[in-house]
Protein chains: 2
Amino acid sequence: MSSAHSPSSGQNATAASGSGVSSPTFSPLYQQIKRLILQGLQSNEWRPGELIPSEMELAARFGVSQGTVRKAIDELAAENLVVRRQGKGTFVASHLEARSQFRFLRLKPDVGEAHYPDNTIIEARRVRAPADVARQLEIKTGDSIIFMLRMQSFDGAPTILEELWLPSAIFKGLSVERMLAYKGPMYALLETEFGTQMLRATESIRAVAADERSASLLKVPVHSPLLSVQRVSYTYGDKAVEVRRSFYVTNDHYYHNELS
Amino acid sequence: MSSAHSPSSGQNATAASGSGVSSPTFSPLYQQIKRLILQGLQSNEWRPGELIPSEMELAARFGVSQGTVRKAIDELAAENLVVRRQGKGTFVASHLEARSQFRFLRLKPDVGEAHYPDNTIIEARRVRAPADVARQLEIKTGDSIIFMLRMQSFDGAPTILEELWLPSAIFKGLSVERMLAYKGPMYALLETEFGTQMLRATESIRAVAADERSASLLKVPVHSPLLSVQRVSYTYGDKAVEVRRSFYVTNDHYYHNELS
DNA sequence: CAGTGGTCTAGACCACGCT
DNA sequence: GCGTGGTCTAGACCACTGC
């Protein structure tokens, strides 16, 4: 990086090529830097909650200006992958922190403050992936997965009935016993034990009628309307790592969404 | 803006004070610039779909560098208030454009492509604001508002039953006849006729049982589960301008949401 | 070709958090 | 006081659009 912008194309070629004659694949320098930092995150060079190197350090390491690193980090921060703190540095985002606790829990009480629900595990075992779950997880039907059925209650009122599936291949060594013993947020467990972070998710939301099992567990009449939320969560590289099917009782709570 | 950063504090003082001894109220220059551009948008100096002045022009007008204007516009673009187009300029966002058509319509079909539904107005008239609606619109109970009940169908299948309320005070001259005659997206009508743009909205989502009227209109059995979506829409200055209560039939459609 | 937004640099100073 | 991210500037060149 001697002067102006001319070396940029050199940098570009260096970082983007690798395989001779392939498609153009040009991208701005800061996007390449972003990708490099992303690799560091994905490879657990810096773990959740930890400090990543300062902008100056990264600029020196990658041979670009601080401004270019800054723009790369700006995007990572916008995607909630890192958190900037003035005077301290830039940290890898973590599900263990209080303020990211509710990022994936959109159910709010009609009155009072949101808080994390009590958690009762009804069932947890290793099963073979059903076809529909396998498809969403991009694994093969019949592959080993961990299945869990749990109930979440607010102030003693059963509110969320939740089935979830986790591919055994990703969470090697995750034991059913460990899951049965754990009471906190699932994403925190997966992050601390496996370094697998849920970064984003898509949800399909419907209204459905409670079947007998759901009704009995949630203590509502059969055929009561329930909010059905089907979620697929992704980690780095848009890799699907969890399927979750939840049924929310929305009598005293509502699913909150912001459109913009 | 002669040199370095020193004039910034002067600029700061100029733009942020006004009322003598009040609280610090300091803010970065680019935030002040953003606010100035926002005023131009709000005052319809540039209308939806129109080009705003170039970064260079704005920089000259406000006496700051292009980079500062750029950062201000970056934020406005991130909030979907303006759209940048390389080589052309920066445009005021508009609900009339194809790509912002589905920004507020989150219902997707299980199969096939999303498209805009057919629209049947069942009822439209001027009424006195009920207490709950008035509270959400931050107006007084009993104030005049326009009420509308409409049905939206996909491929002939009734899918969305929707009540909406618009304060008469904001949409002066909006006639019931005009609304009855109009078939397209409501937000486009309000934008073209009144220059009032919906910028963001909050939604409260629940599962409810169809009452007799809803069931009959939506052609589903009474007590069928329906997705209830209660929306409050806001324009510039976080001013509430619409309350909308919708009931979605989620048999062949689902409400799509992305978490990140 | 001129004009627009997009990228990149280098260097300055500010605000904050720690020690 | 020093190191961090945050703001601001000035100036260069690139990529795209339309005349």
Side-chain angles (χ1 to χ4, degrees), chain A residues 1-16 24-35 37 46 50-60 62-78 82-93, chain B residues 1-16 24-35 37 46 50-78 82-92:
Chain A
M1 288 291 134
S2 38
S3 80
H5 186 248
S6 44
S8 154
S9 24
Q11 191 79 10
N12 233 318
T14 313
T25 330
F26 282 108
S27 73
L29 236 194
Y30 77 88
Q31 288 286 359
Q32 301 174 40
I33 302 302
K34 181 183 171 187
R35 213 170 301 132
I37 299 174
W46 316 293
E50 282 181 15
L51 197 57
I52 73 171
S54 74
E55 295 177 353
M56 282 307 220
E57 257 177 272
L58 290 170
F62 298 132
V64 301
S65 76
Q66 186 195 10
T68 300
V69 171
R70 166 167 291 274
K71 181 141 189 183
I73 295 180
D74 277 345
E75 291 206 349
L76 294 171
V82 299
V83 178
R84 320 187 74 140
R85 287 189 227 167
Q86 185 173 149
K88 299 176 81 172
T90 301
F91 297 79
V92 183
Chain B
M1 289 289 139
S2 38
S3 82
H5 185 248
S6 43
S8 155
S9 24
Q11 190 78 12
N12 230 320
T14 313
T25 331
F26 281 108
S27 73
L29 235 196
Y30 78 88
Q31 287 286 1
Q32 302 174 38
I33 302 301
K34 181 183 171 187
R35 213 169 302 131
I37 299 174
W46 317 293
E50 283 180 13
L51 196 58
I52 74 171
S54 74
E55 295 177 353
M56 282 307 216
E57 255 176 273
L58 291 169
R61 176 191 303 194
F62 299 133
V64 300
S65 77
Q66 188 196 9
T68 300
V69 171
R70 166 168 290 275
K71 180 141 189 183
I73 295 179
D74 276 345
E75 292 207 350
L76 294 171
V82 299
V83 178
R84 321 187 73 139
R85 287 188 226 168
Q86 185 175 142
K88 300 175 81 170
T90 301
F91 298 79
V92 183

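Only heavy atoms go into these numbers, but all of them, side chains included; no hydrogens, no water, no symmetry mates. These numbers come from a predicted model, not from an experiment. Here is the naming used below: chain letters follow the sequence lines, and residue numbers restart at 1 for every chain.
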J.: Taking all non-hydrogen atoms of both residues, which atom of B/Ser27 and which atom of B/Gln32 are closest, and how far apart?
T.: O-NE2, 2.9 Å
J.: Detail all sub-3.5 Å separations between protein N/O atoms and N/O atoms belonging to nucleotides 17-19 of chain D.
T.:
from: D/dG18; atom 1: OP1; to: B/Lys88; atom 2: NZ; distance (Å): 3.4

J.: For B/Gln66, check side-chain contact (heavy atoms from CB on, under 4.5 Å) against everything at least two apart and list the hits.
T.: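 With sequence neighbours excluded, B/Gln66 shows a side-chain contact (heavy atoms from CB on, under 4.5 Å) to B/Glu55, B/Met56, given in chain and number order.
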J.: According to a strict under-4.0 Å criterion, is B/Ser65 in side-chain N/O contact with OP1 or OP2 of D/dA10?
T.: no
J.: When you get a sec, tell me which of C/dC8, D/dT7, D/dA10 is the closest nucleotide to the side chain of A/Thr68?
T.: C/dC8
J.: Answer yes or no: does a side-chain N or O of B/Ser54 lie under 4.0 Å from OP1 or OP2 of C/dT4?
T.: yes
J.: For B/Ala77, give me all partners under side-chain contact (heavy atoms from CB on, under 4.5 Å), at least two apart in sequence or on another chain.
T.: B/Val82, B/Arg84
J.: In whole angstrom, give the distance that lies between atom CZ of B/Arg70 and atom C1' of D/dA10.
T.: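 Whole-Å distance recorded here is 14 Å.
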J.: What's the closest nucleotide to the A/Arg84 side chain, out of D/dG6, C/dT9, C/dG5?
T.: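 The listed nucleotide nearest to A/Arg84's side chain is D/dG6.
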J.: Taking the side chain of B/Tyr30 as its heavy atoms from C-beta onward, which of C/dG5, D/dC8, C/dC8 lies nearest to it?
T.: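 Of C/dG5, D/dC8, C/dC8, D/dC8 is nearest to the side chain of B/Tyr30.
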J.: What is the separation between atom CD1 on B/Ile33 and atom P on D/dC8, rounded to the nearest whole Å?
T.: 9 Å
J.: Test of understanding: with side-chain contact (heavy atoms from CB on, under 4.5 Å), list the residues that count as partners of B/Lys71, not counting sequence neighbours.
T.: B/Tyr30
J.: Could you tell me which residues satisfy side chain to side chain donor-acceptor pair (under 3.5 Å) with B/Arg85, sequence neighbours excluded, listed by chain and number?
T.: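 Per chain and number, B/Arg85 pairs via side chain to side chain donor-acceptor pair (under 3.5 Å) with no residue.
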J.: Residues two or more places apart in sequence or in another chain: which of them pass side-chain contact (heavy atoms from CB on, under 4.5 Å) with A/Ala78?
T.: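 With sequence neighbours excluded, A/Ala78 shows a side-chain contact (heavy atoms from CB on, under 4.5 Å) to no residue whatsoever.
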J.: For A/Arg85, report the nucleic acid contact type (base, sugar-phosphate, nothing); a contact means any heavy atom under 4.0 Å.
T.: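 Sugar-phosphate, no base atom in range.
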